[in-house]
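Source: prediction; values computed, not measured. Heavy-atom basis, side chains included; hydrogens, waters and symmetry copies ignored.
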Amino acid sequence: MTWASHLPIIVVLIPLLTAYITPMLGWMDKRICNPLVIVSTSFAFIASLLLARSVLTRGVISYHMGGFAPPFGIALVVDYFGAYMCIVISFLTLMAAIYSREYIAKELHESKTAPYYTLLMLMTGGMMGASVTGDLFNMFVFFEILSISSYALVAITGKKVAILASYKYLLLGAIGTSFTLVGIAYLYILTGTLNMADLSVRLASLYGVGRSSWTLLVALAFFMVGYSIKAALFPLHTWLPDAHSMAPSSISAVLSGILIKVGALALIRVLFNIFQPEFVVETIPVTSMISWMAAVAIIVGSLFAISQVDLKRMLAYSSVAHIGFIILGVGLATGYGTTGGILHIFNHAMAKGCLFLCAGAIIYKTGLRNIDDLAGLGNKMPFTMAAFTIAALSMIGIPPTAGFISKFYLGLGALETGTWSGWVFIGAILLGSLLTAIFYMRVINNIYFKEPLHREDVQRDETPLGMLIPILILAGGCVIFGIFPRIPLSLAEPAAKLLLGI
Amino acid sequence: MVNFGFLLGHYNYWAVVVLFLIGLYAMIVKKNLIKKFMGLNIMDTSIFLFYISMGDVEGGVSPIIAHGGGSDVIYVNPLPSVLILTAIVVAISTTALALSLIIKIYEEYGTLDSDRLVELM
Amino acid sequence: MIIISCLPVIALLSPLIGGIIAYQAGKISETARDLISIVAAIVSFIVIVAMVPTILNGNTIEYSFYYTAISTLPIAFRVGPFPLFLGLVISFAWILSAVYSHRYMERLHSRNRFCLFMSLTLSAVIGTLFAKNMFALFIFFEITLFTSYVLVIHEETPEAMAAGKKYLFLGLATGLVMFFGILLVYLQVGTLDLGKRGILDGVHGNILYVILFTLLVGALFKAGMFPLHVWLHSAHPIAPSPASAVLSGVVVKEGCYVMIRILYDIFGVNLLKTMLVSNWLVLLGGLSIFFGSAMAIRQHDLKTMLAYSTVSKVGYIFLGAALLTPTGLQGAMVQIFHHLLAKSALFFCAGALIYKAGIRDIDQMAGIGKKMPITMMVFTIAALSMIGVPPLVGFASKWYIVLGALEAGRPLAIGFGLVLMLSSLMNAIYFIPIIINAFFTGESEHGEHKEVRPDDVPLSMAVPMVILAIGIIVFGVLSATTSVVVIKPTVNAMMGL
Amino acid sequence: MEIYSIRPILAVVIPFICALLIAVTGEKNRDLREFWTLAASVLGCMVVISMFPHIYSGGKYIFTVAQIVPGVELGFRVDAFGMFFAFLSSFLWIVTSVYSIGYMRALKEHAQTRYYFCFAACIASAVGIALAGNLLTLFVFYEILTMSAFPLVMHEETSAALDAGKKYLAYTLSGGALVLFGMAMTYTLTGTLTFASHGFLAGHGSEQLLKMLFVIFILGFGVKAAIIPLHSWLPSAMVAPTPVSALLHAVAVVNAGIFGIVRVVTNVYGIELVADLGLLLPLAIVASITIIFGSIFALAQDNLKRMLAYSTVSQLSYIILGAALLSPSSLSGGVAHIAHQGFMKITLFFCAGAILVQTGKKNLSEMHGIGHRMPLTMIGFTIGALGMIGAPPICGFISKWYLGLGALEAGHPIFTAVLMASTLLNTAYFIPPIYNAFFKEPEGDLIESREASWWLLGPILLCALISLIFGMVPMIPYTPLQLARTFLGV
């Protein structure tokens, strides 16, 4: 066994170990935290890439912790989807970490620097773990790691509203946790195993068998509710706008960019890895149910976003809508649709990450949060605003940005179902992207084409380079992966096929 | 006809269900943030009990080979208990975080009444 | 024969890169900026010209970025006669527009931005023209919407913003509908390649009508066809005049181009004939002609009137294309060409009036012809071409469309041939009074342009206008030659003859 | 025998070049534009005349410029009929140019550059129409004529002039649209538009279609030919300066319409086909109605130029009637009347203009006794008027004679009656002015007025003389009648 075969655990351990080292080093010298985190996430990112490469060349990797074979040992299973998620997570975290260097110095009190990075690394570790685990209970544990650290991160500024938002998030998150825990219990009663692969095999024999099938349904229902809360799927999204808008912007970027996607990942794992696709698609129409919910999420989320005056809150509601796109793609359970959903995880991560980082830069430079006050920023912060515009266009799904490609796949997926509901879904996708345009164009118009409120504000005053670089990388990614969509698709497509078993 | 035997035979699950609902009720209805959280704890506890009682086997002994028992000895399934230890740790950390948040909220707002807090926000 | 060459990409990148350089240069020197953007447009034009011999020899030029593929849809370019023909005209018109802008824009703000987005729009339009498949086409099509949006709202007044909003959101909405259609096509036949005529052959049932409807919605919106014209009369006039010229002259043509591609490449003549939709499409075109002309008659603002006139001319193009006969299509193409020249010229004139005299109301133009003879002569020639007076190029297009209508032989088509004739009367009704006013009446007592000295616009504005006017006359006389050399092969290729 | 020669295009291009020269030099040197006009008119007329002998001997000139539509080029093909009209236009242009110089100078008209420019363009297009070798070329020049005559109508720039201009455009453009449509249909049916000696439509399309097409053509060209009820632009257009009314609205523009109708009847449909379709009788009836009602309207006019305009309406339909009756005599009478009417009517208009210049009077009721003060002018007027009535030995008699003969030949004596009635009506409105002019005493400011300058008088007398000559010796070569007979081959 070479070191390469340990990659699945390495990607999880790097952030987790960093999380332990950070407070110690931070105690000695706070300035060391940021480089440390950047270096470690860079390693995690490289490791994720290597992991993806070996998954692409060798197929699904099963890694048994300590060499114990499942069901006794704990297994890490990295399929295309897991490797894909690892890349997204480590990439966006890396961007957030680079950004944090300047941003945190102003936004947070000095004493909170070390806790901030610790929590960030914990959260990353949790997300990585949830992506690569092959064990249902492990999933739960990793979810708690990421959830609890994210609760704390939301409140880390110590502002009045942030704390309350964090508490609200915590309560709902805890309910979600409890529900998934109950779901796990049911499945364990039925099968006596928690390994996903085993579960899948054993559950298959229980479909439609008297009382057991009822138990199955109850378990599924608990999972759906629990993870829907984590993924902020409408109507269980109520915590998201507060939490995401109140967190520091670097954290908002991670939360909106990937954390809720991990919830989506859990949903996907439950639907397609634990239960069989034919069960959730045909026997009981769970997927079509969540598709409908997702469609409503797209519309309602966008409508809410339109009525916002606060920039970050608007971005948060936009996340509600876009998690709808992702879940819709998953729920369509067709080759194109699921590919689109999975692809959108990546595309939305980049775009929304970029948008939140830009919002952070605006707050950093001007202290403005209100959309109507942004007039004239196009001259003041040209690069930041250009990045904002590109990312916003990607959110709307304008070619040649990445968002268009996911819209294309989602649209194909909706039509591929060949049912009348598919036509409704594509209606929702198209209407959703139009509504998205409405609220993003409002911001862009304000930035570029409006008389600034205070003339003297409009001096060239660009975001510091340390913050600008991640913003520009993300914005560049929105364009590059729109023009070269093959790159993410090379993972997303096999991931969807594997999940659906086609 | 209702199978009372079946129902009564699973009394432990009924207790779990009742506790779960009490917890959920408290979380939704109570205005006080601490009471809400107590509701969450009750809910968590019900789940812990659920796990432990499902792992228990009537007449089983704890799964330690030191007893020297043969093949006729029935062991209790240890895994749910192990799992629940982890879950308890999680619950505790959640509780700790929640309580610290509550303290901060009280410091900032001077109240823990959720209605009042919404007004103050 | 297919020749792999990166010329189409250069034609597309030249304005893109040139625009960005010009934008930066504009911060230092305005003249340098304008020079660079003119040079970029010229380079683009020359590159397109360089493709002419190859295409005329019956070859096609292709270039693909296979790395950009998703599934079977690369962002790829293919240049055949039709795109080349339009590309030539459009890039040439762009050079004129860039020259014209130099002086015209000097009194407006955000000149660098304007210059940049003009170039970007050119780039996107060329991309649309040269796209090999519907997917790549749609990409550039949407980009055009956004870049031209910035041109529409250039003034940043509330009216401009409102007009821009209408343009953008309706554009997005219809673009999405079109997108839906593209998805349907892709799912039906698994390809979006525009190379072979009638990729939908073999598909049956109502889905065809859905596809036709959805695809056309997007294209016809951009083209400004009735009833999707609602944005046009507010968006075109509010932009600065060089931009109006480009919007009405070029961007609208992009919509027409896409419409023709949809009808002839996605569906194909045979399929459309079996679908029996031609009459309805012709009817739609007729409605657009009538509505546009009728609304134009009611206008007092010159640029709004010109915008409505565009609605009616697009109706011609659509009608010609929808006749599904070679001559009709030929008429549509000549009309595209004609309208590009004439409407650009008219908007340039309107711009010259604003620049020189500050007037945009038709009623204020009394006697202006004596003070600005060149401008108003160009206006007259372009207006006469719009009316369809021979031997101007507008006549040739009308001629072919009428022939096409007769060739189609349906009673409805003959009826619309008559409609076309009568509509040129309506054109006369709104153009002639302007000319009369300008040349034959004295200055009104209010003296809206008393201050104007009787010298015409600066040379850099006059030259583009005059070139367009000469083009209208020369191509009118030589229309048969050009049509034999350029348009006929194009039409034959499109019709599969 | 057909000769490929540059001469037809030369005849068209010379006035065009003249127009350009006027536009370029006109504002700088006022005399120069008059010089260009005169030079070009003489030159143009000489080119036309140079084609006479060959044409007269039954040959043709052809020339092709460029293809406008595949299969149909911008081409010229000169036959006797075209020659005839071209000569009429270009010759009268010389006369009118002289007259214009006197008229425009005397009245100190504004925008004279524009005036001369448009005038030259009009003549160019009229010659173009005359020499056109196919329907498309004819149409091209037809529309250019419409457009270039339009500024002349509005020359005065008064509100009446502006209204007249709009009315003129509305009518003529609608007509043009119909012609275009008919032409398109013809092209679809046959694939060609080139005039043929005996028509080229025979054997194409159903009878119904051909009938419809014919109606479209007649309506289209009929607008310019001022057939009732399509005539109402013509009296309105009389607000134009008198030389314009004289040459364009009495000769070039209106005759372009007539010319078109005749071309359609003879060279597109072919006489046999038109006869077979049974279209002639309706056409003749329409023409008769126009003849009668035009005269009746003229009776009611007090404004001299309006009266002349209605007279034009009436007289033009003689020509249509001639074509419609389709007997050799009526056809040659009708075709000859194009020129006869032209010369006589231009004389009358010149007189009206001279009176206007000298006295400022426009209305007949104010012209009592004018014959005492302007005898030469009024003699010219009398000759023209008598010709209009059809009194020998003036050329109007010749055409009326042949028309009447033709009506009898064709077996429709009723149309002879129409001609008679028209003669009576003509007498009714032409004789009173002549009587008043010579036999009443001048009153008011007329007492002071004098004969017009020779710039004006010359053309009047020349035209009157020519009218007389055509009427007295119609059998010598190159008279309109002989040209018409050559064209018709009788």
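- Here CZ of C:Phe395 is found 8.0 Å from CD of D:Glu143. Values are rounded to the nearest 0.5 Å.
- Between C:Trp399 and D:Met183 the shortest heavy-atom distance is CZ3-CE, 3.5 Å.
- Looking at C:Leu384, the atoms closer than 4.5 Å to chain D (heavy atoms on both sides) all sit in the side chain, from C-beta outward.
- Within the 4.5 Å cutoff, the side chain of C:Val402 has no heavy atoms near those of the D:Tyr187 side chain.
- Neither the backbone nor the side chain of D:Phe141 comes within contact range of chain C; no heavy atoms are under 4.5 Å apart.
- The CG atom of D:Leu169 sits 9.0 Å away from atom CD1 of C:Ile435, with the distance rounded to the nearest 0.5 Å.
- Of all the listed residues (D:Pro151, D:Gly165, D:Ala161), the one sharing the greatest number of non-hydrogen pairs under 4.5 Å with chain C is D:Pro151.
- For the atom pair CZ of D:Phe150 and CD1 of C:Ile432, the computed distance is 5.0 Å after rounding to the nearest 0.5 Å.
- Among residues at least two apart or in separate chains, there is no salt bridge (Lys or Arg N to Asp or Glu O under 4.0 Å) pair with a member in residues 161-176 of chain D.
- With chain C as the partner, the residue from D:Leu173, D:Thr146, D:Ile216 showing the most heavy-atom pairs under 4.5 Å is D:Leu173.
- For residues 376-386 of chain C, every residue pair satisfying the side-chain hydrogen bond (donor to acceptor under 3.5 Å, both in side chains) rule, not counting sequence neighbours, is listed here: C:His338-C:Ser385.
- For D:Met154, the parts lying near chain C are the backbone and the side chain together; criterion is any non-hydrogen pair under 4.5 Å.
- Of all heavy-atom pairs between C:Leu403 and D:Ala184, the closest is CD2-O, 3.2 Å.
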